[in-house]
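Remarks on the structure that follows.
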2 protein chains.
Amino acid sequence: MSPGEALPPERELSVTHEVSRMTARKALSVLEGEGLIFRDATRGTFVAKPRLTLRVGSFSKEVERGGGRAGAEVIWTREQPAGQAAAQAFGCDERDPVHVIQRLRRWDDEPVAVETTYYPANLLPGFLDDELHGSLWDRLAEYGITLSTTTATVEVVTLDAEIGPLLQARQGAPGLHMTRQTYDVTGRCIEYAQDVYRADRVALTIDRPLHDRVGDS
Amino acid sequence: MSPGEALPPERELSVTHEVSRMTARKALSVLEGEGLIFRDATRGTFVAKPRLTLRVGSFSKEVERGGGRAGAEVIWTREQPAGQAAAQAFGCDERDPVHVIQRLRRWDDEPVAVETTYYPANLLPGFLDDELHGSLWDRLAEYGITLSTTTATVEVVTLDAEIGPLLQARQGAPGLHMTRQTYDVTGRCIEYAQDVYRADRVALTIDRPLHDRVGDS
DNA sequence: CAGTGGTCTAGACCACAAT
DNA sequence: TTGTGGTCTAGACCACTGT
């Protein structure tokens with residue numbers, strides 16, 4: 001079947017396959033989790049488009065498959081105390097101020113990720129007052145910051161009542177949670193980020209030189 | 001609650017919270033997907049240990065959290081025609097022979113991943129005849145191969161009837177599927193691998209230098 | 001209004017393990 | 001035998017949408 005094509009209604013599937021509707025729904029939920037189909041509460045169930053493949057760090061120019069238009073929409077910005085997680089990343093005090101930016105990342109108008117990014121406020125005065133729709137790394141360059149390395153941790157989560165609606169996914173849908181820290185050439189942590197991707201719509205890809213630690217698969 | 005502690009039975013939860021058992025099960029399934037609890041069909045429901053954190057592309061010496069003992073158990077080995085996916089990775093013909101090794105990776109005796117690895121057979125005569133429990137990359141070094149970079153793609157899958165039992169997970173549990181290609185210093189693809197992790201038990205971490213492509217977050 | 005998926009109920013039977 | 005989770009049933013009501 002082709003993307004966009006409609007599947008039979010759940011009630012019809014349950015009759016034709018001689019199972020209860022709950023059982024038919026469970027089977028469809030597996031396909032939904034795999035990203036093969038999607039459901040619309042009022043219209044029905046449809047074949048999904050293939051997953052997008054994004055590079056780690058989610059860079060707008062670096063989408064592998066699924067051509068289209070990238071976009072980042074600012075949901076909110078805030079200046080606040082760092083708190084425990086960001087303070088640990090930056091090696092600062094929990095009360096030190098940080099800039100926080102939450103953005104919705106789209107591909108072809110389809111929401112694929114919610115990105116919450118933290119920066120030390122003292123390094124970046126006025127950072128929140130200017131353009132935040134484009135590349136934040138380009139903005140950092142304006143402050144004379146040269147980035148060097150990223151470390152990221154990925155795990156599977158369940159989309160909650162806060163993130164799910166932003167991604168137009170139902171609560172309970174599978175998500176990929178990525179925690180990122182980006183360092184500049186002096187080894188200082190400049191960026192701390194928490195990204196949540198729609199796991200049914202996205203695959204992540206990573207290039208990694210093995211440099212001096214070839215070793216022990 | 002502490003790891004290993006038992007939760008009340010589903011039937012009891014459904015009474016005390018005044019919901020049907022199916023509804024209680026659904027709530028528990030969210031916690032199970034998050035890796036916070038696990039269920040044993042005959043013993044009950046228990047609080048899980050924290051997830052392990054593994055580094056991408058490497059293993060035994062590189063576990064971040066969750067100290068314990070790593071192990072790799074060979075499930076099977078095989079010499080076969082490359083097939084479409086491996087041929088594309090190696091840039092060879094689909095009929096060229098490859099060595100294939102499937103191993104079960106454990107941490108503290110707990111199965112965390114199934115790893116299926118492909119190597120061009122002509123480069124590695126006798127590769128399957130020797131020790132395969134330890135580091136395969138060390139074995140490659142014996143053939144004079146120096147590895148250089150890895151590229152990996154990660155996506156969320158549902159564990160099927162083949163992989164699920166190997167990981168001692170029930171069918172339908174969430175998994176992380178990683179496709180890896182490792183290249184040597186001449187730019188030749190040496191290793192093609194398909195890994196499946198228990199998503200409820202594992203987080204993946206990646207270090208990545210940004211080198212010459214700082215860009216456009 | 002009819003039709004969709006989302007949710008929930010109150011049962012039922014199963015396999016399995018411990019007692 | 002008892003108790004556990006795993007599965008399934010045959011309904012029900014809801015919110016929402018398009019006609």
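Residue numbering restarts at 1 for every chain, and letters A, B, ... go by the order of the sequence lines.
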Whole angstroms only, please: what is the [atom1]-[atom2] distance between [X] and [N]?
X: Phe38(A); N: dG6(C); atom1: CZ; atom2: P; result: 12 Å
X: Leu7(A); N: dT4(C); atom1: CG; atom2: C1'; result: 13 Å
X: Phe46(B); N: dG5(D); atom1: CZ; atom2: P; result: 8 Å
X: Leu13(B); N: dT9(C); atom1: CG; atom2: C1'; result: 17 Å
X: Met22(A); N: dC8(C); atom1: CE; atom2: C1'; result: 8 Å

> Considering only heavy atoms and no angle criterion, is a donor-acceptor pair shorter than 3.5 Å present between the side chain of Arg11(A) and the base of dG5(C)?
Replying inline: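 Answer yes: a donor N or O sits under 3.5 Å from an acceptor.
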> Going by modelled atom types, is there a donor-acceptor pair between the base of dG6(C) and the side chain of Arg21(A) at under 3.5 Å?
Replying inline: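 Yes, the side chain and the base share a sub-3.5 Å donor-acceptor pair.
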> If you measure only the distance, is there a donor-acceptor pair under 3.5 Å linking the side chains of Thr182(B) and Thr150(B)?
Replying inline: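 Looking only at side-chain atoms, Thr150(B) and Thr182(B) do form a donor-acceptor pair, the distance falling under 3.5 Å.
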> Between Thr45(B) and Arg25(B), do the side chains contain an N or O donor and an N or O acceptor separated by less than 3.5 Å?
Replying inline: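 Thr45(B) vs Arg25(B): no donor-acceptor pair found between side chains.
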>> So which atom in Asp200(A) and which in Glu32(A) form the shortest heavy-atom distance, rounded to 0.1 Å?
In response: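 For Asp200(A) and Glu32(A), the tightest heavy-atom pair comes out as CB-O, 3.7 Å.
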> With respect to Tyr119(A), which candidate in His99(A), Glu191(A), Arg139(A) satisfies the side chain to side chain donor-acceptor pair (under 3.5 Å) definition?
Replying inline: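 Result: among His99(A), Glu191(A), Arg139(A), Glu191(A) is the only option passing the side chain to side chain donor-acceptor pair (under 3.5 Å) with Tyr119(A).
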>> If the test is side chain to side chain donor-acceptor pair (under 3.5 Å), which one of Gln102(A), Arg103(A), Arg106(A) qualifies with Glu73(A)?
In response: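 Only one of Gln102(A), Arg103(A), Arg106(A) forms a side chain to side chain donor-acceptor pair (under 3.5 Å) with Glu73(A), namely Arg106(A).
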> Heavy-atom contacts under 4.0 Å between residues 25-35 of chain B and DNA chain C, which residues?
Replying inline: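 Heavy-atom contacts with DNA chain C come from Lys26(B).
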Among the nucleotides [options], which one has an atom lying closest to any side-chain atom of [X]?
X: Ser20(A); options: dT4(C), dC8(D), dT7(C); value: dC8(D)
X: Glu10(B); options: dG5(C), dG3(C), dG6(D); value: dG6(D)
X: Thr42(A); options: dT17(D), dG6(C), dC8(C); value: dT17(D)

> So, the side chain of Thr53(A) versus the backbone of Leu204(A): is there a donor-acceptor pair under 3.5 Å, distance only?
Replying inline: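 Not confirmed, Thr53(A) side chain does not pair with Leu204(A) backbone.
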>> Is there a side-chain contact between Thr23(B) and the phosphate of dT9(C), meaning an N or O under 4.0 Å from OP1 or OP2?
In response: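 Answer yes for this pair, as a side-chain N or O of Thr23(B) is under 4.0 Å from OP1 or OP2.
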> dT4(D) phosphate, OP1 or OP2: any side-chain N/O from Arg39(B) under 4.0 angstrom?
Replying inline: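 For Arg39(B), the contact criterion (side-chain N or O under 4.0 Å from OP1 or OP2 of dT4(D)) is not met.
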> So which pairs with a foot in residues 85-95 of chain A pass side chain to side chain donor-acceptor pair (under 3.5 Å), sequence neighbours left out?
Replying inline: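 Counting only pairs at least two positions apart or across chains, the side chain to side chain donor-acceptor pair (under 3.5 Å) contacts touching residues 85-95 of chain A are Asp93(A)-Arg95(A).
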